[in-house]
Amino acid sequence: MVKVTYVAHDGTRTELHGDPGDSVMSLAIAQGIDGIVGECGGSMMCATCHCYVEEDWAEATGPRMDGEEDMLESAACEVTERSRLSCQIKLTEAHDGLVVHLPEEQV
Amino acid sequence: MTLSTMTLIEGHKPITPAAGIPVWDIDPYDAELLRNPSAYYTRLRELGEVVYIPRYSVLAVGRYETTRQVFSDHENFLSSHGVGLNDFKLEDPWRPPSIILEVDQPDHTRTRKVMSRALSPKVVKGFADLFRDTAEQLVDQLLAKGTIEAVTDLAEAFPTTVFPKAVGMKDVNPRHLVDYGAMVFNAVGPDNALRREAMSHAGEIVPWINAACTRDRLTGDGLGAMVYASADDGTLTEAEAGMLVRSFLSAGVDTTVTGIGNALWCLSQNPEQWQALKRDPSLIRPAFEEVLRYTSPVHTFGRTAGRATEIAGFSVEEGTKVICVLAAANMDPAKWGDPEVFRIDRKPIGHVAFGAGIHGCVGQNIARGELEAVLGALIERVDRIEPAGDPVWRPGNAIRALDRLPITLIPN
Ligand code: HEM
Ligand code: FES
């Protein structure tokens, strides 16, 4: 089990437990988290799964994937250096405790 | 048996299925079956995680989890051998392979990046006015007619008007575009009557398509020019840019024609869902996702095992063709609960109508943008959509589309 905390734009925190191999997006969709849409199902085509990785977790989640930068340009909210497409963060045991913040809107 | 003496089946290596894999003697490309495939999808899922079909010596998957898994496992199940029954490494394909659809990593990454940049949500938003104005004009014309044949009058008319403009094509021939799509998609099946009929137009259409993809036949401000810009900066060769423009034309017309036709079918058959859409236009995008799940415009595509591997615990030998029945997965009760019910507010995230993983449809934003425009124009102007005769489905080796859909549009 890998614990992930999603912090909504209004500050509400939701803790979910995923399995290694889930993505931060797919876990959120499966559990009905509002702030992630994931329209393209994780093919890196929609940018509606934008999230901000909390600073302490930047290293564990690693750099952006090939092509992620381009797609982030289509995100609805401001893109910062902590921005990631949550479908591209695949959970491993090393992510237990991960905290991601969600933007105000995704479309 | 060496490769050179081995007899191929539909251009691929015959296999001996692992013990325990159910064997089903059926022709999944039979025209009658393709007209009315739902019993086939059900039986395929019931038989097991993976089924052997001796007629073509292929494995088939149709349960949601397994289908998604195999279709997106680009390390074990390759695309470079072709996504149909022919194995491109054993027999020459009918045209030079696509440099995005029919390649594997790492080659795929370079071309995919160019295409996903050209088809990003941001770029597609720029076409919103074109899509919207065209849809409004078209629907106004059709309302004046009242009863229409929705496949030609709307489903074909809309994409063949807007898509060449979006690409920036100077040459216009809607018939060639639609027929080229039919060739590309029927070619992934066996050498049956459907494929032969579609291919019989090749002599006329292929040279036209190839010429239409060259730089001088494209305007400077469309999707085509964006792809050629990648030739200017050295990411692609000039020839590769032409090949990627060809991919727009292969995959970008027949698919959305089918998507629009299937959407009109769903909404004309489910008037209460049409009314619900009129009441709440924010459901337009989710409604299209449900149309995609419910009708799977691309019903089947394949993969080839690149090495000895397994599916659901059964060993699979290298070179095995696996047909992935996306439409069966999108109708799997284990995933969807009540898949037979068409519900515009289902929000079926995770459906596989656009595929999944690294090859997941790169044109999906265009498809969504086109459907949003068409459905938006319809709900503002049309009170009811009534069937005006029986819908007729057109069998296809990969695409499930309507052949005729007579409907009456009743204005507000
Ligand atoms: C309702 C409409 C559409 C449907 C149902 C659809 C379906 C699909 C599917 C299932 C795949 C995955 C193929 C595979 O993994 O082997 C795919 C890939 C692809 N689609 Fe679409 N498509 C649609 C519209 C479009 C449009 C409008 C375009 C062009 C603008 C397009 C261009 C492509 C391309 C180039 C690929 C290959 C991507 C790759 O291999 O990386 N499609 N599509
Ligand atoms: S889910 Fe579409 S880009 Fe992540």
Side-chain angles (χ1 to χ4, degrees), chain A residues 6 16 18-51 62-79 83-92 102-107, chain B residues 64-65 68-69 71-74 100 105-106 108-126 226 230 235 282 284-286 288-289 292-293 326 329-330 335 347-369 371-372:
Chain A
Y6 298 79
L16 299 180
D19 293 315
D22 289 345
S23 72
V24 172
M25 181 279 287
S26 67
L27 176 62
I29 299 295
Q31 307 286 328
I33 293 270
D34 271 344
I36 290 185
V37 178
E39 194 170 45
C40 78
S43 292
M44 212 160 63
M45 275 315 302
C46 72
T48 66
C49 64
H50 181 197
C51 73
R64 292 175 185 161
M65 305 295 276
D66 214 359
E68 193 174 334
E69 203 96 10
D70 286 337
M71 200 48 56
L72 274 168
E73 281 178 25
S74 291
C77 287
E78 189 200 357
V79 175
S83 287
R84 291 293 311 270
L85 293 174
S86 59
C87 66
Q88 300 302 312
I89 306 173
K90 295 271 183 295
L91 295 177
T92 67
L102 305 182
E104 189 170 6
E105 52 191 7
Q106 295 283 12
V107 279
Chain B
Y64 176 81
E65 288 300 340
R68 188 182 170 88
Q69 213 273 317
F71 206 57
S72 58
D73 178 0
H74 56 87
I100 176 163
Q105 279 181 335
H108 175 257
T109 315
R110 182 174 55 104
T111 49
R112 170 85 186 189
K113 251 196 206 163
V114 171
M115 292 291 264
S116 58
R117 212 176 289 152
L119 297 165
S120 74
K122 207 171 168 181
V123 172
V124 172
K125 271 198 196 105
M226 290 180 70
S230 295
T235 314
S282 76
I284 288 180
R285 282 173 89 91
F288 179 46
E289 299 305 310
L292 289 167
R293 181 196 69 80
L326 305 175
N330 280 339
K335 167 71 181 172
K347 306 197 172 147
I349 288 175
H351 70 68
V352 286
F354 284 132
I358 64 164
H359 289 278
C361 183
V362 78
Q364 54 187 279
N365 297 312
I366 294 272
R368 292 197 178 96
L371 262 292
E372 191 170 17

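Every value quoted in this text rests on a predicted model; they were computed, and no experiment measured them.
When heavy atoms are compared at a cutoff of 4.5 Å, Arg110(B) does not approach chain A at all. Only the side chain of Met71(A) comes within contact range of chain B, with at least one heavy atom under 4.5 Å from a heavy atom of that chain. With a 4.5 Å cut-off on non-hydrogen atoms, Asp66(A) touches chain B through its backbone and its side chain both. When heavy atoms are compared at a cutoff of 4.5 Å, Thr109(B) approaches chain A solely by way of its side chain, counted from C-beta outward. Looking at Ile358(B), there are no atoms closer than 4.5 Å to chain A (heavy atoms on both sides), in backbone or side chain.
The interface of residues 359-367 of chain B with chain A, defined by heavy-atom distances below 4.5 Å, comprises Gly360(B), Cys361(B), Val362(B), Gln364(B), Asn365(B).
At least one side-chain heavy atom of Met44(A) sits less than 4.5 Å from a side-chain heavy atom of Glu68(A). Using a 4.5 Å heavy-atom cutoff, the side chains of Gln69(B) and Tyr64(B) are not in contact.
Residues Cys51(A) and Ile89(A) come closest through the heavy atom pair SG-CD1, 4.4 Å. Residues Met25(A) and Cys49(A) approach most closely at CG-CB, 3.8 Å, considering heavy atoms. Residue Arg293(B) comes nearest to Pro348(B) through the heavy atom pair CD-CB, 3.7 Å, listed as atom of the first residue, atom of the second, then distance.
Side chain of Arg64(A) to backbone of Ser83(A): a donor-acceptor contact under 3.5 angstrom is found.
The existence of a salt bridge linking Arg285(B) and Glu39(A) is confirmed by a sub-4.0 Å separation between a basic side-chain nitrogen and an acidic carboxylate oxygen.
Taking chain A as the reference chain and counting heavy-atom pairs below 4.5 Å, the highest number among Ser72(B), Gly355(B), Ser120(B), Pro286(B) is found for Ser120(B). In terms of non-hydrogen atom pairs under 4.5 Å with chain A, the most contact-rich of Lys347(B), Arg112(B), Lys113(B) is Lys113(B).
For the residue pair Glu289(B) / His351(B), a side-chain donor-acceptor distance below 3.5 Å is found, with atom types taken as modelled.
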